[in-house]
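Down below is the structure, laid out as structure tokens.
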Amino acid sequence: MVKITFKGASQEVGRSAFLIDTGDKILLDYGVKLTPNGTQYPLPVKVNLNAAIISHAHLDHTGNLPHLFQETNCLVYMTPPTLGIAKILWFDTLKIAGLEGMDAKFAKDEIAKTEKFTFPVPYGKNMDITDSTSMVFHDAGHIVGSALTELRLKAGRKSLVYTGDFRYVETRLHNPAQFEKIKGCDYLITESTYGDREHPDRKETEKKFVEAVQETIEGGGHALLPSFAVGRCQELIDVLNEYDLSAPIYFDGMGQQVARVYLANPSYLKNPKFLKKALDKVKWVKGPKERAKALREPSVIVCTSGMMQGGSVYAYLPQVYKDRASRIMLTGYQVADTPGRRLLETGRITIDGVDVEVKAKFERYDFSAHAGKEELFRAMKLLNPEKVICVHGDADTTKKFAEGIKGEGFTPIVPELGKTVEL
Ligand SMILES: [Zn+2]
Ligand SMILES: [Zn+2]
């Protein structure tokens, strides 16, 4: 018998954490939920774990893992780039907590311990992770090192697939998720983020995006691109490199560290040479001098953070916000009450505690790294599972997604936080 206890990401996006119990206890992901009002944590795991598995580096999947290692001594499995990026994000969590005078849930010692207990596993390698369970990762096409997890549960000869976050179409940096490599799937735990809607055509979006950048440069302004440090910064630089822009591209913020992990793991990318060329060509901002230079000429500035909740974008905003020739271009989902969302809805931002009206143009482009509805259904039909457990979507979307699943003749489960489901 297989039981799953839902420790997070149940009718919400954030704090992914699922405890699988087959006799052996295996934890899938242990993330946090970052909200404008503070961090929400997954429910505590009070059992002795036999193993933990991490799907990818994003904080909503890894953010509380070092805290778990205050008491846990089990092995944790993830791909090598996932560990590389998760470490950057964990140290950044400590830095932000320090700046805000808050206590983080873990310290450097726990990060070191987590790393010590991590067993890096590449895609396609079969691993026995307990006496009765084996595991294999496949590329999930979401960010570098992101994995679909295929678990073979020897008891009852069942198999369970956990998608983590995925894309099932080709994107700039990644091939589509490798669902074709999965051998069997009785139970599917799938993300549901866009379970009720589609993304606009990717190529069209790229085209509109680059045209807007070009127009801004020709008008003598700055195209300011506050972006997610993991994946998006690197992807935008890759996109821009395809076009002969007449202005320099500056690259500022934590995306630089992440880019180094991308470059160190070429086998996890679709076209690593193209990305390397693109990253070699941009100007890596190291300090105030380069920032000032970026603001003295028409320029493209790729910076952080993706929802404008802090980050290097604030080094440029005091000048850019009042410049009608410039353009602030958001490329990710904007959570309610974040500065990015507020900018889109009201045209106002707060700089150094002062609320101002933005004179520069501002707009959002959908560069999502999550599967749209069609991709989610295509993956599900290919795997043909007995039961589909819908996680990582807000309540309304998850319910609509589940209805759609039923309509296709499958059996969906919409879990509640803290509840246990027997499969
Ligand atoms: Zn993710
Ligand atoms: Zn996620």
Side-chain angles (χ1 to χ4, degrees), residues 6-18 27-35 39-42 52-65 78-79 81-90 92-93 137-149 161-169 171-174 176-177 188-195 199 227-235 254-255 258 261-262 265 268-269 304-307 331-335 338 366-372 375-376 379 389-395 397-398 401 415 417:
F6 297 90
K7 301 285 187 184
S10 305
Q11 301 182 52
E12 64 177 341
V13 178
R15 55 171 166 171
S16 284
F18 315 107
L27 184 67
L28 302 176
D29 284 343
Y30 206 53
V32 293
K33 183 175 182 177
L34 301 174
T35 78
T39 303
Q40 287 178 10
Y41 297 92
I53 297 170
I54 299 297
S55 64
H56 67 287
H58 278 147
L59 280 177
D60 60 320
H61 300 259
T62 60
N64 212 33
L65 190 64
M78 62 183 90
T79 64
T82 295
L83 177 63
I85 292 174
K87 267 169 60 187
I88 295 170
L89 300 180
W90 292 330
D92 188 58
T93 300
F137 282 147
H138 309 286
D139 192 348
H142 173 64
I143 59 167
V144 71
S146 63
L148 311 169
T149 305
V161 172
Y162 170 47
T163 66
D165 298 349
F166 72 94
R167 273 228 84 165
Y168 202 15
V169 293
T171 56
R172 292 297 300 200
L173 303 181
H174 300 287
L188 174 66
I189 305 178
T190 178
E191 72 143 308
S192 318
T193 324
Y194 288 87
H199 300 299
S227 326
F228 300 133
V230 182
R232 192 59 39 80
C233 280
Q234 300 78 18
E235 182 180 16
M254 198 172 68
V258 176
V261 179
Y262 269 73
N265 290 277
Y268 288 81
L269 299 170
T304 51
S305 68
M307 299 185 212
T331 51
Y333 183 73
Q334 304 295 313
V335 170
T338 56
D366 183 340
F367 274 84
S368 181
H370 291 277
E375 295 162 63
L376 291 164
I389 300 113
C390 310
V391 300
H392 197 293
D394 64 35
T397 304
T398 309
F401 180 46
L417 182 68

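Worth saying up front: this structure is predicted, and the values here are computed from it rather than measured. Start at 1 and go down the list; that is how both ligands and their atoms are numbered.
When the salt bridge (Lys or Arg N to Asp or Glu O under 4.0 Å) test is applied to E191, no partner is found at least two apart in sequence or on another chain. Legend: residues meeting salt bridge (Lys or Arg N to Asp or Glu O under 4.0 Å) with E375, ordered by chain and number and at least two apart, are R167. Among residues two or more places apart in sequence or in another chain, the side chain to side chain donor-acceptor pair (under 3.5 Å) test is passed with T397 by D394.
Between H370 and H392, the ring-plane angle classifies as tilted under the 30° and 60° cut-offs.
Here the Zn ion (ligand 2) has protein N, O or S atoms under 2.8 Å from it, and they come to 4.
Inspection of the S55 and D29 side chains reveals an N or O donor paired with an N or O acceptor under 3.5 Å.
Between M307 and V335 the shortest side-chain heavy-atom distance falls below 4.5 Å.
The atom of H142 that is an N, O or S and sits closest to the Zn ion (ligand 1) is NE2.
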